[in-house]
Peer 1: 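Before anything else, here's the structure in question.
In what follows, every heavy atom counts, from backbone to side chain, and hydrogens, waters and symmetry copies are set aside. Being a predicted model, the structure only gives us computed values, none of them experimental.
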Amino acid sequence: TNNWQRPKKDGSGELEFAPGSGVLHEAHHHAYNAMAGTKCYSIYPSKNQGQPPEADADYRVFELEHDIPICESASPNSSKRWHSFSDEEFKAYIARLEKETYEYMAACEAKEGRMFTMAIAHHAFVNPLVLRNVIQKRVAAGLPKIPLFCFVHGTAMKMYKWELGGKDTKEFPMRFHSMMREEKLFSDQVNGIAACFVISVDQKKVIEEVFPEFPANRVIVAPNGINVETFKPQPKTLTQVVTEQTREIIWPASPSEEACSKVKQVVTFVGKFAEWKRQEAVFHAMKALEAEFPDLVLLSCGVGPDAERDKLVKVCEELGLKNTYILGARSQPQLAEIYTVAELGCFPSFKEPFGLVFVECMACKAPVIGANSGGPVDFVSPSVGELVPEPPETTSLDTVPAGIKTLAASLTDAIRRALKENWK
């Protein structure tokens, strides 16, 4: 997956920011180890972390000399796509990960005095391929065969959908989807993936679309959970949070402390810079809302590729926004503080695989607004917020830009009602 949130190896003591998939992987790891009679060991990649210092550590870092490879839109820690790898680089990455995984499993079994009984791969791409090969190598060495399960994240599914059509074929040429089908990871439940876990009903449908050969009865919907010790109402005041979180930001210049003291209402967006996250629609909504609610600000959290950042900054400048702030990445405790003081969280992604930010925001007692597609359909009800209609212009990932203004109008109406009716 992505990295966990652990100290960097530069000795600074600073924690490396963990994207959502890394947070989820670590949460699963701890949950398994909290189960009676169960022991879990994990591996995750990082360019910035070294091996754990604890003698009894139950995880290992797959150390990289480059950013963590990603499937499609950038993560906060990387914009290095798998499609940028040459065939030789890709094969070398797979071979090294197989070797380290095989050796780590052997070391864990020697330490525990017992054998692994299952393997779980996060993301439906490199990791299940590597684990399938490791399992076969173990069987060839006389070890018992164990089942392979896959926890499917949305990013790999988006990459396959881009390859299947819709995006620029130069950016996402057919390569990895055909490779996975040739490897029979999803068509051979005996030697490949035995079962998949997904975070929403919508993602189950995506598997059926991308890998129709995989049996639907072997796809299990397991909604995400959150750390309720982190995501709960926080004690800081609105003025404290707005002031602290706008000292170092991407755009525009930081407001004065006096200006921060005049803010009475906050709307927040949290998500990476990616077209399908549709921050642009939120910015268009703020054009009207800033004029109507002069003491309202938008705190937009997230990072991504420079090109996507520059597009969003240009949108804000062209709209003439005055009370909208692009903050950059924020830690989980900082997000909890923002959610707590916010009147609402607005997360209008197109077919968001699950929508962890919705749940985090709700746990901090703030209502949510999103789009009526993807994972949020499963759990966002009128008692916690609203899902506005998908614009008729948007029917697929490549038609997202066509629906921005229509979506913005719906968001403007919903946010206006939330503020006037005091949904919080």
Side-chain angles (χ1 to χ4, degrees), residues 20-21 23-24 27 152-155 157-158 197-206 221-228 230-233 265-272 274 276-282 285-286 289 298-302 332 335-336 338-392 394-395 397 400 403-404 406-424:
S21 62
V23 172
L24 181 62
V152 178
H153 296 243
T155 48
M157 292 292 107
K158 282 191 173 64
F197 301 90
V198 294
I199 53 181
S200 66
V201 173
D202 181 74
Q203 284 296 287
K204 182 173 183 177
K205 295 176 182 176
V206 172
V221 177
N224 278 342
I226 61 168
N227 183 346
V228 294
T230 297
F231 291 103
K232 60 184 178 181
Q265 294 178 303
V266 172
V267 171
T268 187
F269 169 91
V270 178
K272 58 190 174 184
W276 64 275
K277 290 287 187 179
R278 300 196 289 203
Q279 294 102 315
E280 185 177 349
V282 183
M286 285 300 294
L289 293 167
L298 171 68
L299 300 182
S300 181
C301 308
Q332 290 189 331
L335 291 177
I338 293 171
Y339 292 142
T340 298
V341 301
E343 292 298 314
L344 61 95
C346 185
F347 318 112
S349 305
F350 176 65
K351 292 193 174 182
E352 180 69 50
F354 177 74
L356 203 57
V357 289
F358 285 83
V359 184
E360 293 170 349
C361 189
M362 291 188 292
C364 296
K365 306 300 183 183
V368 293
I369 292 174
N372 193 30
S373 66
V377 174
D378 294 349
F379 60 86
V380 176
S381 64
S383 63
V384 296
E386 183 175 313
L387 298 179
V388 303
E390 277 291 346
T394 298
T395 57
L397 286 166
V400 163
I404 289 297
T406 301
L407 176 63
S410 297
L411 293 176
T412 302
D413 174 68
I415 295 171
R416 178 185 293 118
R417 286 186 285 108
L419 296 175
K420 288 188 173 182
E421 298 168 8
N422 190 22
W423 287 7
K424 188 167 184 177

Peer 1: Nearest 0.5 angstrom please: Thr394 OG1 to Arg278 CZ, how far?
Peer 2: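 Reported to 0.5 Å precision, the distance equals 5.5 Å.
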Peer 1: Give the minimum heavy-atom separation between Val267 and Ile415, together with the two atoms involved.
Peer 2: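 Closest approach of Val267 to Ile415: CG2-CG2, 4.2 Å.
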Peer 1: Which heavy-atom pair separates Gly154 from Gln203 by the least distance, and what is that distance?
Peer 2: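 The answer is CA-OE1, 3.5 Å.
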Peer 1: How close do Phe354 and Pro376 get, heavy atom to heavy atom, and via which atoms?
Peer 2: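 Shortest heavy-atom contact: O-CD, 3.2 Å.
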Peer 1: Taking Gln279 for the side chain and Lys272 for the main chain, is one N or O donor matched with an acceptor at less than 3.5 Å?
Peer 2: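 Yes; at least one donor-acceptor contact below 3.5 Å.
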Peer 1: Quick check: do Cys301 and Val270 have side-chain heavy atoms less than 4.5 Å from each other?
Peer 2: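 Cys301 reaches Val270 side chain to side chain.
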Peer 1: I'd like to know if the side chain of Ser200 reaches the main chain of Pro353, judged simply by a donor and an acceptor atom lying under 3.5 Å from each other, with no hydrogens or angles considered.
Peer 2: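 It does hold such a pair.
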Peer 1: Does a side-chain N-to-carboxylate-O contact under 4.0 Å join Lys351 and Glu390?
Peer 2: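 Salt bridge: no.
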Peer 1: Could you tell me if the side chain of Leu411 sits less than 4.5 Å from the side chain of Cys346, heavy atoms only?
Peer 2: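 Yes, side chains in contact.
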Peer 1: Do Gln332 and Phe231 come close enough that some side-chain heavy atom pair is under 4.5 Å?
Peer 2: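 Result yes, sub-4.5 Å side-chain heavy-atom pair found.
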Peer 1: For residues Thr406 and Pro392, report the shortest heavy-atom separation together with the two atoms involved.
Peer 2: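 What the structure gives for the nearest pair is CG2-CD, 4.2 Å.
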Peer 1: Got Leu407 and Pro391 here, is their nearest side-chain heavy-atom distance under 4.5 Å?
Peer 2: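 Contact flag for Leu407/Pro391 side chains = yes.
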Peer 1: Could you grab the distance from atom CG of Leu335 to atom OG1 of Thr230, nearest 0.5 Å is fine?
Peer 2: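 Between Leu335 CG and Thr230 OG1, I get 10.5 Å after rounding to 0.5 Å.
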Peer 1: Can you tell me how far apart CE (Met157) and CG (Asp202) are? Round to the nearest 0.5 Å.
Peer 2: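 Reported value, rounded in 0.5 Å steps: 12.0 Å.
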Peer 1: With side chains defined as the heavy atoms from C-beta onward, is the minimum distance between Leu344 and Val368 less than 4.5 Å?
Peer 2: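 Leu344 does not reach Val368 side chain to side chain.
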Peer 1: Is any side-chain heavy atom of Lys365 closer than 4.5 Å to a side-chain heavy atom of Lys232?
Peer 2: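 The answer is no; the side chains never approach within 4.5 Å.
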Peer 1: If you round to the nearest 0.5 Å, how far is CG of Leu24 from CG of Asn224?
Peer 2: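 Going from CG on Asn224 over to CG on Leu24, the span is 5.0 Å.
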Peer 1: To check you understand the geometry: which heavy-atom pair defines the closest contact between Ile369 and Ala418, and what is its length?
Peer 2: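 Heavy-atom minimum between the residues: CD1-CB, 4.4 Å.
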Peer 1: Are side-chain heavy atoms of Met362 and Phe379 found at a separation under 4.5 Å?
Peer 2: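 Yes. Closest side-chain heavy atoms under 4.5 Å.
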Peer 1: Please state whether the rings of Phe347 and Phe269 are parallel, tilted or perpendicular, taking 30° and 60° as the class boundaries.
Peer 2: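 Rings of Phe347 and Phe269: tilted, as their planes differ by 30° to 60°.
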Peer 1: Under the 3.5 angstrom rule, does the side chain of Lys204 hit a backbone N or O of Val198 as a donor-acceptor pair?
Peer 2: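 Not at all, since once roles are kept as given, no pair shorter than 3.5 Å links the two residues.
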Peer 1: Could you tell me whether the side chain of Pro348 reaches within less than 4.5 Å of the side chain of Val388, counting heavy atoms only?
Peer 2: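 Val388 does not reach Pro348 side chain to side chain.
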Peer 1: Could you grab the distance from atom CD of Gln265 to atom CG of Leu298, nearest 0.5 Å is fine?
Peer 2: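 CG of Leu298 is found 13.0 Å from CD of Gln265.
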Peer 1: Between Ser349 and Ser373, which heavy-atom pair has the shortest distance, and what is it?
Peer 2: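 Distance-wise, the nearest heavy atoms are O-OG, 4.0 Å.
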Peer 1: Should the heavy atoms of other residues, nucleotides or ligands under 6.0 Å from NZ of Lys424 be counted, would the total exceed 12?
Peer 2: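 Yes, NZ of Lys424 has more than 12 neighbouring heavy atoms, counting only those of other groups under 6.0 Å.
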Peer 1: List the steps and the verdict of side-chain contact (heavy atoms from CB on, under 4.5 Å) for Phe350 and Lys277.
Peer 2: CA-CA 6 Å; Phe350 176 65; Lys277 290 287 187 179; over 6 Å; no
Peer 1: Mind running side-chain contact (heavy atoms from CB on, under 4.5 Å) on Thr268 and Glu343 for me, showing each step along the way?
Peer 2: CA-CA 8 Å; Thr268 187; Glu343 292 298 314; over 6 Å; no
